[in-house]
Amino acid sequence: MTARYNFKTIEERHQAEWAGKGLFTAREDNSRPRYYVLEMFPYPSGRIHMGHVRNYTIGDVVARYKRMQGYNVLHPMGWDAFGMPAENAAIKHRTHPATWTHENIDHMRKQLKRLGLSYDWEREFATCDPDYYRWEQLFFIQMFEAGLVYRQKSRVNWCEGCQTVLANEQVEDGRCWRCDTEVVEKELDGWFFKITDYAQELLEGCDRLTGWPEKVLTMQRNWIGRSVGAEITFPLFGMDGEIRVFTTRPDTLWGATFMSLSPEHPMALKLCMGTGQEEEVKAFIERWRKIPAKERQFTQSPDHSIARPKEGVFTGAYVKHPLTGECIPIHIADFVLMEYGTGAVMAVPAHDQRDFEFAGRYGLPIKVVIQPEGANLEPETMKEAWEGPGTLVNSGPFDGKDNEEAKVAITRQLETQGLGRQKVSYRLRDWGISRQRFWGTPIPMVQCDTCGLVPVREQDLPVILPLDARLDKQGRSPLPRLESFWSTTCPKCGGPARRETDTMDTFVESSWYFARYVCPDENKAPLDRKRVDAWLPVNQYIGGIEHAILHLLYARFFTKALRDLGWLSIDEPFANLLTQGMVLKDGAKMSKSKGNVVDPDEMIRNYGVDTIRLFILFASPPERDLEWSDQGVEGAHRFLHRIFRLITENLEGLNSVRAGRQTLINGTKATRALRQKTHRTILKVTEDIEQRFHFNTAISAVMELINEVMGCLNRYGTPGMDKQGDWAALREAMEAALILLFPMVPHITDELWRLLGHQKTIGLEPWPVPDLDAARADTVNIVVQVNGKLRSQVEVDQDTDKENIESIVLDDPKIKRYTKGRAIHKIIYVPGRLINIVVKG
RNA sequence: GCCGAAGUGGCGGAAUUGGUAGACGCGCUAGAUUCAGGAUCUAGUGGACAUUAUAUCCGUGGGAGUUCGAAUCUCCCCUUCGGCACCA
């Protein structure tokens, strides 16, 4: 009886050895090319879940693979440690969020270590450490001074469940991204990052992020939402002043029959004064204000049953058409957004569906100015607006022009009169980062009655989150009521002042953590330029698709802002991005409420880490969703068991030789076939990992190799395998299999590697290079088709030419049956693969 | 409604450039071993036909098309998932 596959002992032993030898410590070593692989760091919620296991396993395979390829690999891990769950838990358990967070971190660190992940733990940090967030406060101050931060009162998204404000990106379908509570609107003072200053660069950068999935780039492009048009000034009629609009259709300017203002437009109430419409306008705006934010959005739903019609009211005022001088009525319309463009639109009902609906409801005139090709639109008969291309009509000097040309021509005309200009608008809004919660980075600002808003002096950083704060049951932040925190003196005049009690959105911490990993020990500055330049950008970033916009857009913005402050020289933080799919059970995302959670700890106890890693990697390619299968786990376990036995039961034979070309050259036919398989497997696995990270097909290739080895042993029997060459080929095959599998199942392969007589860990082996001669086949199998249908196969020498193959094939009795009495029309030959005989009759 | 991705055996999934569809694994069936179960090993496993030819036909959501040849390319339709949803 040979040794059993005791995964627990094996895994613990090798983990201890790797850690003891510091094999995963990244060093400042310029002799080797650097490679920075990073997985999105976790929120310390308490326990690792299968999504983490998948994410970190994928990253670990990449890290180990790159090390074997000779790279100086940086693979760090840390904690995204600020956030609401800590506060909620602290309230529930009457403790401090810091205590809860650190306990979770300790537990999760143990779990990650048990997974055998090759992290450089010396670089670990938690974002709730003052040593981390002090630098974030410094960045905030520098950004404030550079004009990238401002404070403003505005209507914000308020989540009652979380008792705080959310950024636009954090509202999904009118609900909070974290707790799913319906978001309400609230008027509040808050701090903003001017991400819109970088809108154009963030958009253009998408074209250069060739290592990112197209899906993510599309989502980011749509979120930024650039549109080119014109800003047009409409002078008020009969009074001083003007109203400006943004339009992407300056070509339809002649068709503007009225103007629509947002109910929030600052001119809305002023315009109606003294027109007799005052009361109606006031009543309309009052009514509109009472409609919950979510219902306001439903005015253009495809399902007409819940669609609210567009509503508005006439202000009694008019503007002058900038080109025709015509008098145009101004309406308030509930579908016009104050946040986009200028909050006012010129209404062209013939060529904009929304304006068409509004005009129809209030009996406003429709004027056709674009005629589509081959049609003659009449306002009376139109059932919907024509938004497509066409030729201009009723447009004075621009009649007959193509509408695309007219956009340019009309904009130019407006420019010469000083009534308009070309303008680019973005959908992207500034990033609201104020949170009315406790457990986050304090915003380092002070409100002084005489000096206004003043940043904390750099030498006074960090502004520390007090550890003696008591949280109240409602979840409101204790900071505004904690005088010892907010009471301070003005850094400018020394007078009494009040500290800002809002904290920062936790997405700020994750916007620069990847840079801090490069120099976590730097204590004079946030970043060490030399190391930052050497390591960044991250070569491979791995995480969930749910951050396609949120975290990934914020981190891109922050990188550019830090670059402009002089802290970095890169434009983009992540050169390559892999978005891994979700882990599902019974077709649904694992969740406590559905009761379909698979516990990683339990799995590891029953099968070992290698089995779990193997199953996860084998079950589907990383970017796709993964369906958890207990039977699949069993299968993975069985495979590892098989390899273990294959080596332990044949140790004597395997160790009787040393693999190498010398003993392999005079092998038998079976030996040559095995060697061919070995080297083809090396080729295949390397390609699968290198090109697409398709570990599932890489593993199946190694399984094939193992099957081949078992076949050899079965066919010839172990006692028959006494020839040196044969054992050498088997040993070569098994060593290759172990090395190829090592990044995926590091413990068992390292164990078996030692059993084969090696002194050092398999992780120090260089990644194998295939012997192309050995991989080459002597003969090839040619598929023979007649009229595209498979009819026969022939085995020919590798270098047989077309003529020879043709004559062999045409002589084949199986083929003759189909060609007999028919005319051969043509013969198509795909070298080394296939021959197709096209016959007629 | 608009944009995007996907649809392949009982299941997870292969098929890299238009060239043997279903690799590999799970499951299932039969056999070996075993007191029995489990584990392991061997063989088989898309469907139909049905019987010695190891043929033939059908088959990658449905329908058309391009091609000597289509899971792969084009068009139309269906389904599922994701994103956006008054952005002027």
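It should be emphasised that the depicted structure is a prediction, and the values quoted were computed from it without experimental measurement. Computed from heavy atoms alone, side chains included, the values below leave out hydrogens, waters and symmetry copies.
Between A:Ser227 and B:A88 there is a side-chain N or O to OP1 or OP2 distance below 4.0 Å. The shortest distance between the side-chain N/O atoms of A:Arg638 and the OP1/OP2 oxygens of B:C24 is not below 4.0 Å. Distances shown here put every side-chain N or O of A:Arg221 at or beyond 4.0 Å from the OP1 or OP2 atom of B:G83. The side chain of A:Arg624 places an N or O atom within less than 4.0 Å of a non-bridging phosphate oxygen (OP1 or OP2) of B:A14. Between A:Lys826 and B:C68 there is a side-chain N or O to OP1 or OP2 distance below 4.0 Å.
Applying the 6.0 Å contact sphere to NZ of A:Lys802 captures more than 12 heavy atoms from other residues, nucleotides or ligands.
Here the nucleotide nearest the side chain of A:Asn781, chosen from B:U16, B:A14, B:U20, is B:U20. With B:G25, B:U56, B:U40 as the choices, the nucleotide that has an atom nearest any side-chain atom of A:Arg645 turns out to be B:U40.
Among the protein residues, A:Asp625 comes within range of the sugar-phosphate backbone only, with heavy atoms under 4.0 Å from sugar or phosphate atoms but none that close to a base. The residue A:Glu687 sits close to a base: some heavy atom pair falls under 4.0 Å.
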Which string of ( ) [ ] | and . matches RNA chain B, if you list each base 5' to 3' and count Watson-Crick or G-U pairs only when both distances are under 3.5 Å? (((((((..(((......[....)))((((((.......))))))(((.......)))..(((((..]....))))))))))))....
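Between A:His551 and A:Glu169, the side chains place no donor N or O within less than 3.5 Å of an acceptor N or O (distance only, hydrogens not considered).
Within residues 543-552 of chain A, no residue places a heavy atom under 4.0 Å from RNA chain B.
One atom, CD1 of A:Ile815, and another, P of B:A55, lie 11 Å apart when rounded to the nearest Å.
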